Amino acid sequence: MNAPIGVIDSGVGGLTVTKEIMKVLPHETIYYIGDTARCPYGPRDKQEVKTFTWQMAKALQRLNIKMLVIACNTATAVTLESLQQKLPIPVIGVINPGARAAEKKTKRNEIVVLATEGTIKSGAYENALLSLSSKAKIIPLACPTFVPLVESGEYEGQFAFDLVANGLKPLVKEKFDTVILGCTHYPILQQHIEKFVGPDVTVLSSAEETAKEVGEWLAYHNLLNDSDEEPHHIFHTTGSVPIFKMIAEKWLQSKQLDVRRIKLE
Ligand code: DGL
């Protein structure tokens, strides 16, 4: 079925998941919405995140997507269930795939979850990890400065590293072997995070597992794209088109992306 896959996030973070979907499913078309104008979602209250997420979902539904990927942990934590119940298409979030990825990698079951305040407060990663292993020792840490850093586009260099290192300071006294990047913006800061935690710690995101799950769902529901045509992806932002385009083209290593402004209500 040649309809697009919808991907949503509060901003550019969902591009980290999009990149993996493009790798695993190169024939699929992606319609993306980043709610950059209202980013970050992390500090917002649950109801507001729910309202904004539903607005994105509905806007993509009007564009006839065949499946929705909530490529935002904060939105997944509070909206996955209601979207799954009420939308007539398959809906996938990023928290269960992230927890699965960590569970596969960890050796000592000592797992740090880096995420937004909203995701940490929701306890969604704890629930997901403990349902996979009751022995998991989970160290949650909210990193409120990371998303604005990524959205500014100034996420390379010493200033960015120092800001990341400062946010990760509370980990110095902890013991862990695995770090989950529990916010889809954080893989863009992965090098800084890896430098801080050192080579003995595995740093992973939900992107690969999510992309795998998307492929499996589409195959199972017989929804895979069967045409050989090059897909035309469309990226929508509620904020600045040039900034979104700059970050997206760099991250996806692609020139001339079709980036458009969208109004949500
Ligand atoms: N990228 C999002 C997440 O995975 C949201 C970040 C934010 O807007 O605070 O949680």
Side-chain angles (χ1 to χ4, degrees), residues 1-10 12-34 53 56-57 59-61 63-77 79-81 83-106 124-125 128-129 131-132 178 180-188 190 202-236 248 251-254 257-258:
M1 189 197 184
N2 303 342
I5 300 171
V7 180
I8 55 175
D9 180 50
S10 63
V12 296
L15 296 171
T16 60
V17 179
T18 301
K19 190 175 184 171
E20 288 303 320
I21 299 176
M22 287 171 165
K23 234 190 249 171
V24 178
L25 300 164
H27 296 298
E28 297 296 330
T29 301
I30 296 187
Y31 284 6
Y32 184 100
I33 298 184
T53 307
M56 292 192 279
L60 285 178
Q61 226 197 330
L63 299 174
N64 293 321
I65 53 167
K66 61 183 170 185
M67 170 183 225
L68 179 67
V69 182
I70 315 174
C72 172
N73 292 266
T74 315
T76 298
T79 322
L80 178 66
E81 247 179 58
L83 284 165
Q84 281 179 332
Q85 278 162 12
K86 295 184 187 135
L87 286 185
I89 49 171
V91 181
I92 283 181
V94 281
I95 291 181
N96 285 333
R100 275 203 309 274
E103 195 45 43
K104 281 184 195 164
K105 275 273 158 35
T106 186
Y125 266 101
L129 286 163
S131 74
L132 295 171
T178 304
I180 303 181
L181 303 176
C183 167
T184 53
H185 281 73
Y186 298 178
I188 297 177
Q190 187 153 347
T202 305
V203 178
L204 52 87
S205 78
S206 53
E208 278 174 42
E209 275 289 320
T210 306
K212 216 172 102 195
E213 195 174 324
V214 169
E216 284 164 4
W217 260 93
L218 291 178
Y220 182 78
H221 291 271
N222 221 358
L223 290 173
L224 283 167
N225 191 344
D226 47 23
S227 108
D228 282 336
E229 266 174 50
E230 186 81 353
H232 180 90
H233 310 298
I234 302 179
F235 299 85
H236 306 86
W251 183 255
L252 300 175
Q253 290 165 325
S254 174
L257 291 181
D258 184 348

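Remember, it's a predicted structure, so these values are computed and weren't measured experimentally.
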Thr16 side chain vs Thr184 backbone, donor-acceptor pair below 3.5 Å: yes

Reported CG-to-CD1 distance for the pair Leu60 and Ile65, which is rounded to 0.5 angstrom: 4.5 Å

Atom of Ser10, atom of His185 and distance for their closest heavy-atom approach: OG-CE1, 3.6 Å

Gap between atom CG of Leu181 and atom SG of Cys183 - 0.5 Å precision: 9.0 Å

Minimum-distance pair of heavy atoms, taken over all atoms of Leu204 and Gly98: CD1-O, 4.2 Å

Pairwise distance CG(Asn96) to OH(Tyr125) - rounded to 0.5 angstrom: 9.0 Å

Residue pair His221 / Lys66, side-chain heavy-atom distance below 4.5 Å: no

Under 3.5 Å: donor-acceptor pair, side chain of Lys105, backbone of Thr178: no

side-chain contact (heavy atoms from CB on, under 4.5 Å) between Val17 and Val214, intermediate numbers included: CA-CA 11 Å; Val17 179; Val214 169; over 6 Å; no

Parallel, tilted or perpendicular: ring planes of His236 versus Tyr31, cut at 30 and 60 degrees: perpendicular

Polar side-chain atom of Glu208 near backbone of Glu20 as donor-acceptor pair, under 3.5 Å: no

Where Cys72 and Thr76 come nearest, the two heavy atoms and their spacing: O-OG1, 2.7 Å

Non-hydrogen side-chain atoms of Leu68 and Gln61 separated by less than 4.5 Å: no

Of all pairs that satisfy salt bridge (Lys or Arg N to Asp or Glu O under 4.0 Å), the ones with a partner from residues 213-224, not counting sequence neighbours: Arg100-Glu213

Any donor-acceptor pair under 3.5 Å from Thr106 side chain to Ala102 backbone: no

Pairwise distance CD1(Ile92) to OG1(Thr210) - rounded to 0.5 angstrom: 7.5 Å

Nearest heavy atoms of Met56 and Ile8, plus distance in Å: CB-CG2, 3.6 Å

Point-to-point distance, once rounded to the nearest 0.5 Å, from CG of Leu223 to CE of Met67: 8.0 Å

Validation row: Ile5, Leu218 side chains within 4.5 angstrom (heavy atoms): yes

Test log, rule side-chain contact (heavy atoms from CB on, under 4.5 Å), inputs Leu252 and Phe235: CA-CA 12 Å; Leu252 300 175; Phe235 299 85; 3.7 Å; yes

Passing candidate, side-chain contact (heavy atoms from CB on, under 4.5 Å) with Val94, options Leu80, Thr74, Asp9, Asn73: Asn73

From CD1 (Ile30) to CD (Glu28), nearest 0.5 Å: 8.0 Å

Minimum heavy-atom distance between Ala211 and Ile21, given as atom pair plus value: CB-N, 3.7 Å

Stepwise side-chain contact (heavy atoms from CB on, under 4.5 Å) check, His233 with Met22: CA-CA 10 Å; His233 310 298; Met22 287 171 165; 3.4 Å; yes

side-chain contact (heavy atoms from CB on, under 4.5 Å) between Val12 and Trp251, intermediate numbers included: CA-CA 10 Å; Val12 296; Trp251 183 255; over 6 Å; no

Contact summary for Tyr32 and Gly14, nearest pair of heavy atoms: OH-N, 3.0 Å

